[in-house]
Amino acid sequence: MSKKWSIAALVLYVVYAVGMYFYIFHGASGGVPATLKGTVADPQTFMTERELYLSDDYSKIRNFLFFVITPFEWLVYFLILFTGLSRVLENWADTRWKLLKNGAYVFLLYLFTTIIFYPIDIYRYTLSKEYGISTQDFSSWMRDYVIDFWINFGTTLLVVLVLYWLIQKSAKKWWLYAWLLTIPFAIFMMYLQPVVIDPLYNEFTPLKDKELEAKILSLADRADIPSDHVFEVDMSEKTNALNAYVTGIGDNSRIVLWDTTLNNLTDEEILFIMAHEMGHYVEKHIYIGIASYLLSILVGLWLISKIMPWMVSKFGRVLNIEKVSDIRSLPLFFVLVSFLLFVSNPISNAISRYQETRSDEYAMELTGDAEAAVSTFQNLAKAGLSEVNPPWLVKIFRYTHPPMLERINTIARYTDKNEVETETETETETDKETETETDKEIETE
């Protein structure tokens with residue numbers, strides 16, 4: 001029976017992968033609408049022929065990888081269950097101390113899946129190098145890879161040990177208790193991220209360009225934003241891509257600029273990016289993000305608490321799982337978490353794209369520099385070889401930011417709106433002046 005399920009899962013995955021291949025490589029492309037051909041939003045106006053070719057090629061490969069790797073992860077975990085490997089790992093980890101047994105099992109499972117996915121990670125790294133996005137040498141990449149392994153394993157171990165202890169203690173309400181513990185844990189990790197975890201990968205320093213810093217401080221002062229948390233990070237040894245972001249909460253909140261951004265953009269463009277990040281601060285997007293994250297965790301844990309027992313009761317024999325509380329059920333838990341995250345991507349990405357649009361609008365209100373805004377988006381697209389208008393399915397599942405075509409259009413709409421408002425105000429003032437002169441003439445008569 002398990003063999004049949006394994007073959008069925010493999011066949012289903014292959015069919016899905018072939019379908020995605022044809023959709024990504026031979027399906028309808030987003031392209032550039034005819035009305036925008038030749039405008040500043042058209043990549044042919046700001047990219048070379050080679051950049052256009054590489055952007056199209058690189059984007060398709062990355063999109064295809066995204067859509068096939070996550071289901072491949074589900075396939076791997078299901079095969080671990082179908083083949084009885086999960087039971088084998090549990091037997092290898094067997095000791096009379098439950099906590100130690102669960103910890104050993106988590107390590108064996110995590111190590112096994114890391115080895116399985118290592119070739120894919122290597123391919124992603126070499127792909128990025130081939131297309132000129134990554135500048136990181138292999139030894140540096142491996143160092144980051146090892147750091148990733150231990151940080152992610154440590155976090156996973158802690159979460160799994162607490163989770164399965166709760167499942168054993170309360171089979172019906174474990175999801176609620178787990179969620180309540182998630183709140184302080186998530187906030188603590190967000191507070192810790194900028195000062196403990198991020199510096200393990202790169203060096204963060206206060207902004208060195210004091211002239212630029214003065215301009216940023218002036219911009220922040222106009223926006224009534226605390227301005228002592230602007231940092232630059234040395235990313236040029238790892239990538240040619242450009243980026244800036246907001247991270248942390250409370251005293252550890254900061255705006256971070258990559259040195260690639262500082263080295264490749266003008267001061268006006270950097271100020272627009274900073275204004276965009278300040279928009280996130282003003283609009284409280286970090287705190288909205290925390291609330292959304294915690295709500296999604298609550299819904300996700302509740303769904304898993306309903307789906308997982310049902311699957312064990314109905315397919316437990318095929319999955320080689322007797323009880324949900326058995327540590328060997330962990331691959332099933334991982335599949336459900338990954339699946340729920342995947343299917344919720346369109347919702348979370350839509351919220352994120354809305355926030356990014358609001359920040360773009362705020363940046364225009366603060367700087368009023370449409371030219372810098374457009375050139376910034378053009379440079380970001382060139383540096384990252386990103387599609388300016390991806391296919392619909394790619395956009396809703398992958399894009400946390402609006403595509404560059406939409407971002408440039410946002411600037412155009414904002415500029416047109418302001419021009420109309422300015423013209424209306426001018427006409428109103430002219431009408432008032434005319435009325436005043438007419439009144440004076442009547443009084444004179």
Side-chain angles (χ1 to χ4, degrees), residues 128-129 132-137 139-141 143-144 147-148 151 190-282 285-286 356 359-360 362-369 371-386 401 407:
S128 185
K129 288 275 286 187
I133 303 298
S134 174
T135 59
Q136 190 174 19
D137 60 49
S139 60
S140 173
W141 180 83
R143 175 184 174 275
D144 287 350
I147 292 174
D148 270 344
I151 289 177
M190 289 177 183
Y191 184 80
L192 214 61
Q193 182 89 22
V195 294
V196 176
I197 298 176
D198 289 347
L200 293 174
Y201 298 90
N202 299 95
E203 181 182 358
F204 291 77
T205 58
L207 195 59
K208 298 184 184 73
D209 187 337
K210 297 306 175 185
E211 185 177 342
L212 176 60
E213 182 183 48
K215 294 178 182 178
I216 293 173
L217 293 177
S218 174
L219 196 68
D221 184 60
R222 285 169 52 196
D224 294 324
I225 294 174
S227 51
D228 55 345
H229 293 87
V230 180
F231 287 77
E232 63 178 276
V233 55
D234 59 330
M235 290 297 296
S236 54
E237 293 184 358
K238 295 183 178 182
T239 183
N240 286 318
L242 313 179
N243 194 23
Y245 60 91
V246 178
T247 185
I249 56 174
D251 294 339
N252 284 349
S253 63
R254 57 178 60 174
I255 295 173
V256 178
L257 283 162
W258 287 9
D259 63 341
T260 51
T261 303
L262 294 168
N263 297 336
N264 290 281
L265 298 185
T266 65
D267 282 5
E268 289 72 22
E269 292 167 339
I270 291 171
L271 287 174
F272 177 81
I273 290 178
M274 294 302 294
H276 171 94
E277 299 305 328
M278 291 174 188
H280 286 303
Y281 183 95
V282 170
H285 289 163
I286 291 178
E356 295 298 333
S359 290
D360 285 344
Y362 180 85
M364 278 301 299
E365 290 174 5
L366 194 59
T367 65
D369 195 340
E371 184 178 346
V374 170
S375 61
T376 297
F377 294 144
Q378 290 176 339
N379 285 323
L380 287 171
K382 290 175 65 175
L385 294 179
S386 58
H401 289 59
R407 301 187 81 172

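Because the structure is predicted, anything quoted here is derived from the model rather than measured. When a residue number appears, it is its place in the shown sequence, counting from 1.
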Undergrad: Take His401 and Asp360, measure what side chain to side chain contact (heavy atoms under 4.5 Å, CB included) needs, and give me the verdict at the end.
TA: CA-CA 11 Å; His401 289 59; Asp360 285 344; over 6 Å; no
Undergrad: Are the side chain of Thr367 and the backbone N or O of Ala363 linked by a donor-acceptor pair below 3.5 Å?
TA: yes
Undergrad: Which atom names give the shortest non-hydrogen contact between Thr135 and Thr239, and what distance separates them?
TA: OG1-N, 3.0 Å
Undergrad: Go through Ile147 and Tyr201 one step at a time and tell me if the side chain to side chain contact (heavy atoms under 4.5 Å, CB included) criterion holds.
TA: CA-CA 8 Å; Ile147 292 174; Tyr201 298 90; 3.5 Å; yes
Undergrad: Hey, could you give me the CD1/CD1 distance between Ile197 and Ile151, rounded to the nearest 0.5 Å?
TA: 5.5 Å
Undergrad: Not counting sequence neighbours, which residues clear salt bridge (Lys or Arg N to Asp or Glu O under 4.0 Å) with Asp144? List them please.
TA: Lys238
Undergrad: Do other residues, nucleotides or ligands put more than 12 heavy atoms under 6.0 Å from the CD atom of Glu237?
TA: no
Undergrad: Of all residues at least two apart in sequence or in a different chain, which pass the salt bridge (Lys or Arg N to Asp or Glu O under 4.0 Å) check with Glu232?
TA: Lys208
Undergrad: For the side chain of Asn202 and the backbone of Asp234, is there at least one donor-acceptor N/O pair under 3.5 Å apart?
TA: yes
Undergrad: May I ask you to decide if Glu371's main-chain N or O and Ser375's side chain share a donor-acceptor pair within less than 3.5 Å?
TA: yes
Undergrad: Determine the minimum heavy-atom distance between Ile273 and Ala244, stating which atoms define it.
TA: CG2-CB, 3.4 Å
Undergrad: Between CG of Asp209 and CD1 of Ile270, what distance do you get to the nearest 0.5 Å?
TA: 7.5 Å
Undergrad: Residues two or more places apart in sequence or in another chain: which of them pass side chain to side chain donor-acceptor pair (under 3.5 Å) with His280?
TA: His276, His285, Glu356, Ser359
Undergrad: Please identify each residue that fulfils side chain to side chain donor-acceptor pair (under 3.5 Å) with Gln193, with sequence neighbours left out.
TA: Asp198
Undergrad: Treating Ser140 as the side-chain partner and Asp137 as the backbone partner, does any N or O pair qualify as donor plus acceptor under 3.5 Å?
TA: no
Undergrad: Judged by atom type as modelled, is there a donor-acceptor pair below 3.5 Å linking the side chain of Asn240 to the main-chain atoms of Gly132?
TA: yes
Undergrad: If you compare all heavy atoms of Thr260 against all heavy atoms of Asn264, which two are closest, and at what distance to 0.1 Å?
TA: O-ND2, 2.7 Å
Undergrad: If the condition is side chain to side chain donor-acceptor pair (under 3.5 Å), which residues does Asn243 pass it with, not counting sequence neighbours?
TA: none
Undergrad: Under the side chain to side chain donor-acceptor pair (under 3.5 Å) criterion, do Asp259 and Ser236 qualify, and how do the steps go?
TA: CA-CA 6 Å; Asp259 63 341; Ser236 54; 2.8 Å; yes
Undergrad: Which heavy atom of Pro194 sits nearest a heavy atom of Pro199, and at what distance?
TA: O-CD, 3.4 Å
Undergrad: Enter the distance from Leu366:CG to Leu271:CG here, rounded to the nearest 0.5 Å.
TA: 9.5 Å
Undergrad: So which pairs with a foot in residues 211-220 pass salt bridge (charged side-chain N to carboxylate O under 4.0 Å, His left out), sequence neighbours left out?
TA: Lys210-Glu213, Lys215-Asp267
Undergrad: Starting from the C-alpha separation in whole Å, work towards a yes-or-no answer on ring-ring contact (aromatic ring centres under 6.0 Å, His included) for Phe272 and Phe377.
TA: CA-CA 10 Å; Phe272 177 81; Phe377 294 144; 5.6 Å; yes
Undergrad: Could you grab the distance from atom CZ of Phe204 to atom CG of Leu257, nearest 0.5 Å is fine?
TA: 11.0 Å
Undergrad: Does a side-chain heavy-atom distance below 4.5 Å link Phe231 with Thr205?
TA: no
Undergrad: So which atom in Thr266 and which in Glu269 form the shortest heavy-atom distance, rounded to 0.1 Å?
TA: N-OE1, 2.9 Å
Undergrad: Is the side chain of Glu277 donor-acceptor paired with the backbone N or O of Met274 at a distance under 3.5 Å, no angle test?
TA: no
Undergrad: Looking only at non-hydrogen atoms, find the nearest pair between Leu242 and Trp258 and report the distance.
TA: C-CE3, 4.1 Å
